[in-house]
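The shown structure was predicted, so the numbers you read here are calculated from the model rather than taken from an experiment.
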Amino acid sequence: MSLDQHGHNLPSCHSSYVRFDIIRRILTKFFGNEVIMVMGITDIDDKIIKRANEMNISPPALARIYEEDFKQDMAALKVLPPTIYMRVTENIPQIIYFIEQIIANGHAYATSKGNVYFDVRSWGNKYGKLTSTYPNAQEETADTDKQHVQDFALWKAAKPQEIFWASPWGKGRPGWHIECSTISSTVFGNQLDIHTGGIDLAFPHHENEIAQCEAYHQCEQWCNYFLHSGHLHIKGNREKMSKSLKNYITIKDFLKKFSSDEFRMFCLRSNYRSATEFSDESMDDAKNLLWAISSFINDANTYIKGQLVCEPIREDVLWERLANTKVNVKAAFADDFDTSRAVSAIMDLIHHGNRQLKAVTKEVGSPRSPIVYAAIISYIENLFNTVGISLGERQVISEDRTPVMFSGVIDELVNFRIKVRNYARAMPEATEVESTVQSQEAKLEEKEKRRLLLLEREPLLQACDNLRRDLAAFGINIKDRGATSTWEAVDQRREQQRTERER
(Lines give C-alpha, C1' and ligand atoms only; values in the text may rest on other atoms or scores of the structure.)
Protein backbone atom coordinates (compact mmCIF):
# COMPACT_ATOMS: atom_id res chain seq x y z
CA MET A 1 0.00 0.00 0.00
CA SER A 2 1.36 3.41 -0.97
CA LEU A 3 0.80 6.47 1.22
CA ASP A 4 1.86 10.07 0.67
CA GLN A 5 1.89 12.73 3.41
CA HIS A 6 2.87 16.39 3.50
CA GLY A 7 5.40 17.47 5.76
CA HIS A 8 6.91 23.76 15.42
CA ASN A 9 4.14 24.21 17.23
CA LEU A 10 0.94 22.39 18.13
CA PRO A 11 -1.24 23.67 15.32
CA SER A 12 -3.64 21.49 13.34
CA CYS A 13 -0.79 19.91 11.37
CA HIS A 14 0.63 18.17 14.45
CA SER A 15 -2.81 16.85 15.30
CA SER A 16 -2.98 15.58 11.72
CA TYR A 17 0.36 13.81 11.99
CA VAL A 18 -0.73 11.99 15.16
CA ARG A 19 -4.13 11.10 13.70
CA PHE A 20 -2.63 9.74 10.49
CA ASP A 21 0.05 7.91 12.47
CA ILE A 22 -2.80 6.15 14.31
CA ILE A 23 -4.40 5.24 10.97
CA ARG A 24 -1.08 3.98 9.63
CA ARG A 25 -0.60 1.80 12.73
CA ILE A 26 -4.13 0.41 12.38
CA LEU A 27 -3.52 -0.45 8.72
CA THR A 28 -0.23 -2.21 9.45
CA LYS A 29 -0.50 -3.67 12.95
CA PHE A 30 -4.24 -4.33 13.17
CA PHE A 31 -5.21 -5.23 9.59
CA GLY A 32 -1.77 -6.52 8.52
CA ASN A 33 -1.26 -4.31 5.46
CA GLU A 34 2.21 -3.38 4.26
CA VAL A 35 2.38 0.41 4.01
CA ILE A 36 5.11 2.30 2.16
CA MET A 37 4.91 5.89 3.32
CA VAL A 38 6.61 8.85 1.66
CA MET A 39 6.83 12.30 3.24
CA GLY A 40 7.75 15.28 1.11
CA ILE A 41 9.92 17.91 2.78
CA THR A 42 9.38 21.42 1.40
CA ASP A 43 12.84 22.88 1.95
CA ILE A 44 12.42 25.86 -0.35
CA ASP A 45 9.52 28.32 -0.44
CA ASP A 46 8.80 32.05 -0.02
CA LYS A 47 8.76 31.93 3.78
CA ILE A 48 12.05 30.01 4.04
CA ILE A 49 13.76 32.38 1.59
CA LYS A 50 12.52 35.46 3.47
CA ARG A 51 13.56 34.11 6.89
CA ALA A 52 16.95 32.91 5.61
CA ASN A 53 17.71 36.35 4.21
CA GLU A 54 16.82 37.91 7.58
CA MET A 55 19.16 35.47 9.36
CA ASN A 56 21.87 35.80 6.68
CA ILE A 57 22.11 32.04 6.07
CA SER A 58 21.27 29.93 3.03
CA PRO A 59 17.67 28.72 2.63
CA PRO A 60 18.74 25.03 2.51
CA ALA A 61 20.65 25.43 5.80
CA LEU A 62 17.65 27.03 7.48
CA ALA A 63 15.39 24.31 6.08
CA ARG A 64 17.62 21.61 7.65
CA ILE A 65 17.24 23.32 11.03
CA TYR A 66 13.46 23.33 10.64
CA GLU A 67 13.52 19.72 9.45
CA GLU A 68 15.49 18.44 12.44
CA ASP A 69 13.25 20.35 14.82
CA PHE A 70 10.21 18.84 13.12
CA LYS A 71 11.63 15.32 13.38
CA GLN A 72 12.33 15.80 17.09
CA ASP A 73 8.75 16.97 17.63
CA MET A 74 7.42 13.93 15.77
CA ALA A 75 9.58 11.58 17.83
CA ALA A 76 8.36 13.25 21.04
CA LEU A 77 4.77 12.64 19.90
CA LYS A 78 5.67 9.01 19.07
CA VAL A 79 4.85 9.47 15.38
CA LEU A 80 6.55 6.74 13.36
CA PRO A 81 8.99 8.08 10.75
CA PRO A 82 8.01 7.61 7.09
CA THR A 83 9.56 4.91 4.98
CA ILE A 84 11.17 7.60 2.83
CA TYR A 85 11.85 11.32 3.27
CA MET A 86 12.06 13.26 -0.03
CA ARG A 87 13.39 16.84 -0.09
CA VAL A 88 12.34 19.19 -2.86
CA THR A 89 15.85 20.55 -3.46
CA GLU A 90 17.16 17.02 -4.05
CA ASN A 91 14.58 16.39 -6.79
CA ILE A 92 14.89 19.48 -9.01
CA PRO A 93 15.84 17.54 -12.21
CA GLN A 94 12.83 15.24 -11.73
CA ILE A 95 10.55 18.25 -11.20
CA ILE A 96 11.82 19.94 -14.37
CA TYR A 97 11.22 16.75 -16.38
CA PHE A 98 7.74 16.41 -14.87
CA ILE A 99 6.87 19.95 -15.98
CA GLU A 100 8.28 19.33 -19.47
CA GLN A 101 6.01 16.31 -19.90
CA ILE A 102 2.91 18.23 -18.82
CA ILE A 103 3.77 20.92 -21.38
CA ALA A 104 4.32 18.23 -24.03
CA ASN A 105 0.93 16.71 -23.20
CA GLY A 106 -0.72 20.07 -23.88
CA HIS A 107 -1.71 21.06 -20.34
CA ALA A 108 0.85 23.73 -19.39
CA TYR A 109 2.58 26.72 -20.98
CA ALA A 110 5.67 28.84 -20.41
CA THR A 111 5.59 32.66 -20.46
CA SER A 112 8.09 35.24 -21.64
CA LYS A 113 8.89 36.06 -18.00
CA GLY A 114 10.16 32.52 -17.38
CA ASN A 115 7.13 31.24 -15.47
CA VAL A 116 5.31 28.00 -16.28
CA TYR A 117 1.59 27.57 -15.52
CA PHE A 118 -0.83 24.66 -15.61
CA ASP A 119 -3.60 25.39 -18.12
CA VAL A 120 -6.74 24.56 -16.11
CA ARG A 121 -9.06 25.21 -19.07
CA SER A 122 -7.27 22.54 -21.09
CA TRP A 123 -8.29 20.08 -18.37
CA GLY A 124 -11.96 20.85 -18.90
CA ASN A 125 -14.50 19.60 -16.34
CA LYS A 126 -11.99 17.13 -14.86
CA TYR A 127 -10.60 19.88 -12.60
CA GLY A 128 -12.19 20.03 -9.15
CA LYS A 129 -12.66 16.31 -8.40
CA LEU A 130 -12.46 16.84 -4.63
CA THR A 131 -14.22 20.14 -4.09
CA SER A 132 -15.57 21.33 -7.45
CA THR A 133 -13.92 24.64 -6.58
CA TYR A 134 -12.30 27.23 -8.78
CA PRO A 135 -10.24 30.23 -7.70
CA ASN A 136 -12.15 33.47 -7.38
CA ALA A 137 -11.58 35.81 -10.32
CA GLN A 138 -10.89 38.62 -7.89
CA GLU A 139 -7.63 36.93 -6.97
CA GLU A 140 -6.12 37.90 -10.33
CA THR A 141 -3.46 40.58 -10.08
CA ALA A 142 -2.63 43.21 -12.66
CA ASP A 143 0.96 42.08 -13.19
CA THR A 144 0.23 38.39 -13.70
CA ASP A 145 1.37 36.72 -16.90
CA LYS A 146 -1.14 33.87 -16.56
CA GLN A 147 -3.54 33.30 -19.43
CA HIS A 148 -6.44 32.57 -17.10
CA VAL A 149 -7.03 33.29 -13.44
CA GLN A 150 -7.57 29.58 -12.67
CA ASP A 151 -4.08 28.63 -13.85
CA PHE A 152 -1.46 27.87 -11.21
CA ALA A 153 2.34 27.98 -11.21
CA LEU A 154 4.48 24.93 -11.95
CA TRP A 155 7.75 26.90 -12.20
CA LYS A 156 8.47 30.39 -10.83
CA ALA A 157 11.02 32.71 -12.41
CA ALA A 158 13.73 33.75 -9.97
CA LYS A 159 13.50 37.12 -8.28
CA PRO A 160 16.59 39.23 -7.48
CA GLN A 161 18.68 37.92 -4.54
CA GLU A 162 16.77 34.64 -4.57
CA ILE A 163 18.03 31.04 -4.76
CA PHE A 164 17.42 29.49 -8.20
CA TRP A 165 18.07 26.51 -10.48
CA ALA A 166 18.66 26.50 -14.22
CA SER A 167 15.78 25.25 -16.36
CA PRO A 168 14.62 25.31 -20.01
CA TRP A 169 12.56 28.39 -19.05
CA GLY A 170 15.36 30.26 -17.33
CA LYS A 171 16.51 30.54 -13.74
CA GLY A 172 13.84 29.77 -11.19
CA ARG A 173 12.41 27.33 -8.67
CA PRO A 174 9.46 24.91 -8.45
CA GLY A 175 5.92 25.90 -7.60
CA TRP A 176 4.46 24.43 -4.42
CA HIS A 177 2.02 21.93 -5.91
CA ILE A 178 4.38 20.39 -8.48
CA GLU A 179 6.91 19.23 -5.88
CA CYS A 180 4.44 16.85 -4.23
CA SER A 181 3.21 15.42 -7.52
CA THR A 182 6.76 14.78 -8.71
CA ILE A 183 7.97 13.21 -5.46
CA SER A 184 4.94 10.92 -5.25
CA SER A 185 5.26 9.86 -8.89
CA THR A 186 9.01 9.28 -8.54
CA VAL A 187 8.35 6.69 -5.83
CA PHE A 188 4.95 5.22 -6.70
CA GLY A 189 4.60 5.78 -10.45
CA ASN A 190 1.13 6.45 -11.83
CA GLN A 191 -0.88 4.98 -8.97
CA LEU A 192 -1.15 6.15 -5.35
CA ASP A 193 -3.37 4.41 -2.82
CA ILE A 194 -3.76 7.02 -0.06
CA HIS A 195 -2.91 10.72 0.19
CA THR A 196 -3.24 12.45 3.57
CA GLY A 197 -3.33 16.03 4.72
CA GLY A 198 -5.35 18.66 6.55
CA ILE A 199 -8.75 19.66 5.19
CA ASP A 200 -7.33 23.07 4.26
CA LEU A 201 -5.12 21.34 1.67
CA ALA A 202 -8.06 19.88 -0.28
CA PHE A 203 -8.18 23.09 -2.33
CA PRO A 204 -6.13 24.22 -4.04
CA HIS A 205 -3.20 21.94 -3.19
CA HIS A 206 -4.71 18.48 -3.62
CA GLU A 207 -6.90 19.54 -6.53
CA ASN A 208 -3.82 20.82 -8.32
CA GLU A 209 -1.86 17.67 -7.51
CA ILE A 210 -4.59 15.54 -9.08
CA ALA A 211 -4.63 17.66 -12.24
CA GLN A 212 -0.82 17.63 -12.56
CA CYS A 213 -0.43 13.89 -12.01
CA GLU A 214 -3.27 12.82 -14.27
CA ALA A 215 -2.03 15.21 -16.97
CA TYR A 216 1.51 13.83 -16.62
CA HIS A 217 0.57 10.13 -16.46
CA GLN A 218 -2.37 10.49 -18.88
CA CYS A 219 -4.52 8.42 -16.54
CA GLU A 220 -8.13 8.62 -15.38
CA GLN A 221 -7.49 8.29 -11.64
CA TRP A 222 -4.12 8.88 -10.02
CA CYS A 223 -5.03 8.55 -6.29
CA ASN A 224 -7.59 6.16 -4.83
CA TYR A 225 -8.25 7.88 -1.48
CA PHE A 226 -7.68 11.33 0.02
CA LEU A 227 -7.89 11.38 3.81
CA HIS A 228 -8.40 14.89 5.18
CA SER A 229 -8.10 15.62 8.88
CA GLY A 230 -10.19 18.23 10.66
CA HIS A 231 -8.72 21.36 12.23
CA LEU A 232 -7.74 21.69 15.86
CA HIS A 233 -9.53 24.64 17.45
CA ILE A 234 -8.93 26.48 20.69
CA LYS A 235 -12.06 26.10 22.83
CA GLY A 236 -14.47 28.94 22.12
CA ASN A 237 -12.59 29.97 18.98
CA ARG A 238 -13.59 28.84 15.49
CA GLU A 239 -10.18 29.64 14.05
CA LYS A 240 -7.85 26.69 13.58
CA MET A 241 -4.76 26.50 15.76
CA SER A 242 -1.83 27.74 13.67
CA LYS A 243 1.47 29.54 13.89
CA SER A 244 0.34 32.29 11.54
CA LEU A 245 -2.60 33.15 13.82
CA LYS A 246 -0.33 33.08 16.91
CA ASN A 247 -2.83 30.92 18.82
CA TYR A 248 -0.65 27.90 19.35
CA ILE A 249 1.55 26.21 21.94
CA THR A 250 4.90 24.66 21.02
CA ILE A 251 5.29 20.88 21.25
CA LYS A 252 8.05 21.27 23.82
CA ASP A 253 5.89 23.47 26.07
CA PHE A 254 2.89 21.22 25.54
CA LEU A 255 4.83 18.13 26.64
CA LYS A 256 5.80 19.85 29.90
CA LYS A 257 2.14 19.78 30.84
CA PHE A 258 0.79 16.70 29.09
CA SER A 259 2.28 13.46 27.82
CA SER A 260 2.34 12.19 24.23
CA ASP A 261 0.07 9.31 25.30
CA GLU A 262 -2.47 11.80 26.64
CA PHE A 263 -2.46 13.77 23.38
CA ARG A 264 -2.81 10.53 21.43
CA MET A 265 -5.82 9.55 23.56
CA PHE A 266 -7.22 13.04 22.90
CA CYS A 267 -6.92 12.34 19.16
CA LEU A 268 -8.43 8.86 19.51
CA ARG A 269 -11.58 10.25 21.09
CA SER A 270 -12.73 11.98 17.89
CA ASN A 271 -12.96 11.01 14.24
CA TYR A 272 -9.87 12.07 12.27
CA ARG A 273 -12.09 14.08 9.88
CA SER A 274 -13.75 16.06 12.66
CA ALA A 275 -12.80 19.54 13.77
CA THR A 276 -11.76 19.17 17.43
CA GLU A 277 -11.78 21.60 20.34
CA PHE A 278 -8.53 21.75 22.27
CA SER A 279 -8.55 22.81 25.92
CA ASP A 280 -7.14 21.82 29.29
CA GLU A 281 -10.52 20.25 30.06
CA SER A 282 -10.48 18.05 26.95
CA MET A 283 -6.91 17.01 27.71
CA ASP A 284 -7.89 16.20 31.31
CA ASP A 285 -10.70 14.02 29.96
CA ALA A 286 -8.16 12.10 27.88
CA LYS A 287 -5.85 11.85 30.89
CA ASN A 288 -8.69 10.51 33.07
CA LEU A 289 -9.47 7.83 30.50
CA LEU A 290 -5.85 6.68 30.52
CA TRP A 291 -5.88 6.66 34.30
CA ALA A 292 -9.08 4.57 34.38
CA ILE A 293 -7.57 2.03 31.97
CA SER A 294 -4.29 1.79 33.91
CA SER A 295 -6.16 1.52 37.21
CA PHE A 296 -8.22 -1.40 35.89
CA ILE A 297 -5.11 -3.15 34.62
CA ASN A 298 -3.43 -2.68 37.99
CA ASP A 299 -6.44 -4.06 39.90
CA ALA A 300 -6.81 -6.97 37.47
CA ASN A 301 -3.13 -7.85 37.87
CA THR A 302 -3.54 -7.68 41.64
CA TYR A 303 -6.45 -10.13 41.38
CA ILE A 304 -4.44 -12.46 39.13
CA LYS A 305 -1.65 -12.55 41.72
CA GLY A 306 -4.14 -13.49 44.45
CA GLN A 307 -3.71 -10.19 46.28
CA LEU A 308 -7.29 -9.04 45.71
CA VAL A 309 -10.02 -11.31 47.12
CA CYS A 310 -13.39 -11.16 45.35
CA GLU A 311 -16.67 -13.01 45.16
CA PRO A 312 -16.74 -15.81 42.53
CA ILE A 313 -16.11 -14.39 39.02
CA ARG A 314 -18.69 -14.92 36.26
CA GLU A 315 -16.16 -16.05 33.67
CA ASP A 316 -18.80 -16.79 31.03
CA VAL A 317 -19.99 -13.18 31.14
CA LEU A 318 -16.47 -11.76 30.82
CA TRP A 319 -15.44 -14.12 28.00
CA GLU A 320 -18.57 -13.09 26.08
CA ARG A 321 -17.88 -9.39 26.72
CA LEU A 322 -14.29 -9.79 25.51
CA ALA A 323 -15.40 -11.56 22.31
CA ASN A 324 -18.02 -8.87 21.60
CA THR A 325 -15.46 -6.12 22.23
CA LYS A 326 -13.06 -7.60 19.69
CA VAL A 327 -15.84 -7.70 17.08
CA ASN A 328 -16.96 -4.14 17.86
CA VAL A 329 -13.43 -2.70 17.78
CA LYS A 330 -12.67 -4.35 14.44
CA ALA A 331 -15.95 -3.05 12.99
CA ALA A 332 -15.16 0.46 14.27
CA PHE A 333 -11.67 0.47 12.75
CA ALA A 334 -13.05 -0.85 9.45
CA ASP A 335 -15.64 1.96 9.40
CA ASP A 336 -13.39 4.85 8.31
CA PHE A 337 -11.05 4.30 11.28
CA ASP A 338 -13.68 5.19 13.89
CA THR A 339 -11.30 5.27 16.87
CA SER A 340 -13.83 7.00 19.13
CA ARG A 341 -16.22 4.05 18.84
CA ALA A 342 -13.36 1.62 19.44
CA VAL A 343 -12.32 3.43 22.66
CA SER A 344 -15.94 3.36 23.86
CA ALA A 345 -16.05 -0.40 23.31
CA ILE A 346 -12.87 -0.83 25.37
CA MET A 347 -14.23 1.33 28.20
CA ASP A 348 -17.43 -0.72 28.24
CA LEU A 349 -15.36 -3.91 28.62
CA ILE A 350 -13.40 -2.31 31.47
CA HIS A 351 -16.67 -1.29 33.15
CA HIS A 352 -17.89 -4.89 33.20
CA GLY A 353 -14.49 -6.14 34.30
CA ASN A 354 -14.42 -3.68 37.20
CA ARG A 355 -17.92 -4.66 38.36
CA GLN A 356 -16.63 -8.11 39.30
CA LEU A 357 -13.40 -6.89 40.92
CA LYS A 358 -15.08 -5.88 44.16
CA ALA A 359 -12.86 -6.71 47.12
CA VAL A 360 -14.29 -8.49 50.15
CA THR A 361 -12.93 -8.14 53.67
CA LYS A 362 -12.12 -11.81 54.23
CA GLU A 363 -11.44 -15.01 52.36
CA VAL A 364 -14.54 -16.49 50.74
CA GLY A 365 -12.96 -19.78 49.77
CA SER A 366 -14.00 -19.51 46.11
CA PRO A 367 -11.67 -20.46 43.26
CA ARG A 368 -10.02 -17.57 41.42
CA SER A 369 -10.43 -17.01 37.68
CA PRO A 370 -7.18 -15.33 36.61
CA ILE A 371 -7.16 -16.51 32.98
CA VAL A 372 -10.07 -14.38 31.79
CA TYR A 373 -8.59 -11.22 33.33
CA ALA A 374 -5.19 -12.08 31.86
CA ALA A 375 -6.85 -12.34 28.42
CA ILE A 376 -8.62 -8.99 28.88
CA ILE A 377 -5.40 -7.25 30.00
CA SER A 378 -3.47 -8.74 27.09
CA TYR A 379 -6.08 -7.58 24.56
CA ILE A 380 -6.32 -4.05 25.94
CA GLU A 381 -2.55 -3.57 26.20
CA ASN A 382 -1.93 -4.93 22.71
CA LEU A 383 -4.69 -2.81 21.21
CA PHE A 384 -3.43 0.45 22.70
CA ASN A 385 0.13 -0.50 21.80
CA THR A 386 -1.14 -0.87 18.22
CA VAL A 387 -2.24 2.77 18.16
CA GLY A 388 0.92 4.00 19.91
CA ILE A 389 -0.09 4.16 23.59
CA SER A 390 1.97 2.24 26.18
CA LEU A 391 0.01 0.70 29.05
CA GLY A 392 1.93 -2.47 29.81
CA GLU A 393 4.86 -0.88 31.62
CA ARG A 394 4.48 1.30 34.68
CA GLN A 395 6.25 4.59 34.22
CA VAL A 396 7.19 7.59 36.29
CA ILE A 397 7.37 10.86 34.37
CA SER A 398 10.17 13.21 35.27
CA GLU A 399 10.06 16.98 34.87
CA ASP A 400 11.16 16.81 31.25
CA ARG A 401 8.47 14.17 30.61
CA THR A 402 11.07 11.47 29.94
CA PRO A 403 9.74 8.00 30.85
CA VAL A 404 11.95 6.42 33.51
CA MET A 405 11.37 2.67 33.65
CA PHE A 406 12.10 1.49 37.15
CA SER A 407 9.20 -0.75 38.12
CA GLY A 408 11.70 -3.41 39.25
CA VAL A 409 13.22 -0.99 41.76
CA ILE A 410 9.81 -0.12 43.19
CA ASP A 411 8.89 -3.81 43.34
CA GLU A 412 11.96 -4.56 45.45
CA LEU A 413 11.32 -1.57 47.70
CA VAL A 414 7.68 -2.59 48.28
CA ASN A 415 8.68 -6.21 48.94
CA PHE A 416 11.22 -5.05 51.55
CA ARG A 417 8.54 -2.87 53.16
CA ILE A 418 6.15 -5.86 53.29
CA LYS A 419 8.73 -7.91 55.21
CA VAL A 420 9.43 -5.09 57.67
CA ARG A 421 5.73 -4.38 58.16
CA ASN A 422 4.82 -8.04 58.70
CA TYR A 423 7.70 -8.47 61.18
CA ALA A 424 6.57 -5.38 63.11
CA ARG A 425 2.97 -6.62 63.25
CA ALA A 426 3.77 -10.26 64.16
CA MET A 427 3.17 -11.25 67.82
CA PRO A 428 4.29 -14.49 69.57
CA GLU A 429 1.66 -17.20 70.03
CA ALA A 430 0.10 -17.48 73.57
CA THR A 431 1.50 -20.41 75.66
CA GLU A 432 -0.75 -22.95 77.43
CA VAL A 433 -0.23 -23.21 81.26
CA GLU A 434 -1.85 -25.99 83.36
CA SER A 435 -2.35 -24.10 86.66
CA THR A 436 -5.16 -21.57 86.72
CA VAL A 437 -3.16 -19.23 88.94
CA GLN A 438 -0.03 -19.64 86.91
CA SER A 439 -2.07 -19.23 83.74
CA GLN A 440 -3.44 -15.91 84.93
CA GLU A 441 0.00 -14.70 85.93
CA ALA A 442 1.44 -15.92 82.67
CA LYS A 443 -1.28 -14.13 80.72
CA LEU A 444 -0.52 -10.85 82.47
CA GLU A 445 3.19 -11.34 81.89
CA GLU A 446 2.61 -12.27 78.26
CA LYS A 447 0.36 -9.25 77.75
CA GLU A 448 3.07 -6.99 79.14
CA LYS A 449 5.66 -8.58 76.87
CA ARG A 450 3.40 -8.02 73.87
CA ARG A 451 2.86 -4.39 74.87
CA LEU A 452 6.59 -3.81 75.20
CA LEU A 453 7.24 -5.65 71.95
CA LEU A 454 4.62 -3.57 70.15
CA LEU A 455 6.14 -0.42 71.62
CA GLU A 456 9.60 -1.56 70.50
CA ARG A 457 8.42 -2.24 66.95
CA GLU A 458 6.27 0.87 66.62
CA PRO A 459 9.11 2.82 64.90
CA LEU A 460 9.20 0.15 62.18
CA LEU A 461 5.48 0.53 61.47
CA GLN A 462 5.87 4.30 61.55
CA ALA A 463 8.76 4.03 59.06
CA CYS A 464 6.55 1.94 56.76
CA ASP A 465 3.78 4.54 56.93
CA ASN A 466 6.27 7.34 56.30
CA LEU A 467 7.66 5.53 53.26
CA ARG A 468 4.17 5.11 51.83
CA ARG A 469 3.44 8.81 52.42
CA ASP A 470 6.73 9.97 50.91
CA LEU A 471 6.43 7.80 47.81
CA ALA A 472 2.91 9.14 47.25
CA ALA A 473 4.49 12.57 46.79
CA PHE A 474 6.40 11.11 43.82
CA GLY A 475 3.29 9.54 42.27
CA ILE A 476 3.76 6.02 43.73
CA ASN A 477 0.67 4.82 45.56
CA ILE A 478 1.16 1.80 47.91
CA LYS A 479 -1.96 -0.12 48.89
CA ASP A 480 -1.74 -2.40 51.96
CA ARG A 481 -3.87 -5.50 51.51
CA GLY A 482 -3.59 -7.49 54.73
CA ALA A 483 -0.24 -9.26 54.83
CA THR A 484 0.78 -8.01 51.40
CA SER A 485 0.96 -4.71 49.52
CA THR A 486 0.72 -3.54 45.91
CA TRP A 487 1.69 -0.30 44.18
CA GLU A 488 0.67 1.80 41.22
CA ALA A 489 1.91 4.96 39.56
CA VAL A 490 -0.66 7.75 39.84
CA ASP A 491 -0.98 11.15 38.21
CA GLN A 492 -0.14 13.70 40.89
CA ARG A 493 -1.91 16.54 39.10
CA ARG A 494 -5.08 14.47 38.81
CA GLU A 495 -4.94 13.45 42.48
CA GLN A 496 -4.45 17.08 43.50
CA GLN A 497 -7.47 18.11 41.47
CA ARG A 498 -9.55 15.32 43.05
CA THR A 499 -8.46 16.38 46.55
CA GLU A 500 -9.34 20.00 45.85
CA ARG A 501 -12.80 18.97 44.62
CA GLU A 502 -13.41 16.99 47.80
CA ARG A 503 -12.60 19.95 50.07
Side-chain angles (χ1 to χ4, degrees), residues 1-7 12-42 67 70-88 90-91 94 130 179-199 201-202 205-206 209-210 213 217 219 221-230 260-261 263-265 267-268 270-274 326 329-343 381-390:
M1 180 179 293
S2 55
L3 189 151
D4 188 26
Q5 184 171 26
H6 294 298
S12 291
C13 68
H14 284 75
S15 171
S16 294
Y17 287 124
V18 173
R19 284 171 162 178
F20 290 132
D21 180 70
I22 290 169
I23 289 176
R24 180 186 177 190
R25 289 170 182 264
I26 291 172
L27 286 171
T28 56
K29 297 183 178 183
F30 191 86
F31 288 114
N33 293 293
E34 182 179 359
V35 174
I36 305 300
M37 177 180 170
V38 171
M39 180 179 288
I41 302 292
T42 301
E67 181 182 330
F70 167 79
K71 289 178 179 178
Q72 288 178 16
D73 283 349
M74 292 298 100
L77 292 174
K78 299 204 294 188
V79 174
L80 298 173
T83 313
I84 306 169
Y85 284 109
M86 299 281 278
R87 299 186 184 96
V88 173
E90 295 173 353
N91 288 272
Q94 294 89 330
L130 294 179
E179 64 186 50
C180 300
S181 295
T182 302
I183 285 171
S184 177
S185 297
T186 299
V187 179
F188 299 122
N190 64 355
Q191 188 68 66
L192 179 66
D193 288 319
I194 301 173
H195 199 319
T196 67
I199 187 61
L201 295 178
H205 190 49
H206 291 166
E209 280 192 78
I210 292 172
C213 286
H217 295 293
C219 62
Q221 181 171 301
W222 161 64
C223 181
N224 293 329
Y225 302 97
F226 277 87
L227 303 186
H228 293 120
S229 62
S260 60
D261 281 343
F263 184 62
R264 196 163 282 255
M265 177 59 81
C267 293
L268 283 169
S270 61
N271 186 279
Y272 74 92
R273 290 181 286 104
S274 303
K326 291 180 179 180
V329 167
K330 186 175 183 179
F333 283 164
D335 184 13
D336 197 20
F337 310 103
D338 193 343
T339 55
S340 177
R341 182 149 55 99
V343 170
E381 288 181 348
N382 287 336
L383 182 69
F384 279 102
N385 183 62
T386 294
V387 295
I389 292 178
S390 303

| said: Checking Ser270 against Arg19: is there a side-chain donor and acceptor pair closer than 3.5 Å? | reply: yes
| message | So which atom in Lys29 and which in Asn385 form the shortest heavy-atom distance, rounded to 0.1 Å? | response | NZ-O, 4.3 Å
| task | Show the numbers, then the answer: is there a side-chain contact (heavy atoms from CB on, under 4.5 Å) between Val387 and Arg264? | result | CA-CA 8 Å; Val387 295; Arg264 196 163 282 255; 5.6 Å; no
| query | In Å and rounded to the nearest 0.5 Å, what is the CD to OG1 distance from Glu179 to Thr42? | reply | 3.5 Å
| note | For Leu268 and Phe384 the tightest heavy-atom approach is CD1-CE2, 4.4 Å
| request: Report yes if some heavy atom in the side chain of Ile23 is under 4.5 Å from a heavy atom in the side chain of Thr196; otherwise report no. | output: no
| Point-to-point distance, once rounded to the nearest 0.5 Å, from CD1 of Ile194 to CZ of Arg24 | 11.5 Å
| Euclidean distance, Ser184 OG relative to Gln191 CD, rounded to 0.5 Å | 10.0 Å
| So do the side chains of Ile36 and Phe188 get within less than 4.5 Å of each other, counting heavy atoms only? | yes
| request: Measure from the ring center of Phe70 to the ring center of Tyr85 and say whether it is less than 6.0 Å. | output: no
| message | Quick one, Val79 with Val18, criterion side-chain contact (heavy atoms from CB on, under 4.5 Å). Give me CA distance, side-chain angles, the key distance, then yes/no. | response | CA-CA 6 Å; Val79 174; Val18 173; 4.0 Å; yes
| task | Heavy atoms only: give me the nearest Gly388-Arg25 pair and the separation to one decimal. | result | CA-NH1, 3.5 Å
| remark: Between the CE atom in Met39 and the OH atom in Tyr17, the distance rounded to the nearest 0.5 Å is 5.0 Å
| remark: Nearest heavy-atom approach of His205 to Cys180 is NE2-SG, 3.3 Å
| said: Given 3.5 Å as the limit, does a donor-acceptor pair link the side chain of Asn91 with the main chain of Ile183, or not? | reply: no
| task | Could you point out which residue of Ile22, Thr339, Leu77 forms a side chain to side chain contact (heavy atoms under 4.5 Å, CB included) with Cys267? | result | Ile22
| note | Output for pair (Phe31 CZ, Thr386 OG1), nearest 0.5 Å, gives 11.0 Å
| query | Using 4.0 Å as the upper bound for N to carboxylate O, is an ion pair formed by Lys78 and Asp21? | reply | no
| message | Are the side chains of Arg341 and Asn271 in contact, using a 4.5 Å heavy-atom criterion? | response | no
| field | Non-hydrogen atoms of Asn190 and Cys219 that approach each other most closely | value | O-SG, 4.3 Å
| message | Do Met37 and Leu80 make a side-chain contact, defined as non-hydrogen atoms from C-beta onward lying under 4.5 Å apart? | response | no
| task | Could you check if a side-chain atom of Phe226 sits within less than 4.5 angstrom of a side-chain atom of Ile210, using non-hydrogen atoms only? | result | yes
| Heavy-atom closest pair, residues Phe263 and Ser15 | CZ-CA, 4.0 Å
| query | What distance separates Leu192 CG from Glu209 CD, expressed to the nearest 0.5 Å? | reply | 9.0 Å
| task | Would you check if the side chain of His228 reaches a backbone N or O of Leu201 as a donor-acceptor pair within less than 3.5 Å? | result | no
| request: Not counting sequence neighbours, which residues clear ring-ring contact (aromatic ring centres under 6.0 Å, His included) with Phe333? List them please. | output: Phe30
| field | Working for side-chain contact (heavy atoms from CB on, under 4.5 Å), residues Tyr272 and Leu227 | value | CA-CA 9 Å; Tyr272 74 92; Leu227 303 186; 3.4 Å; yes
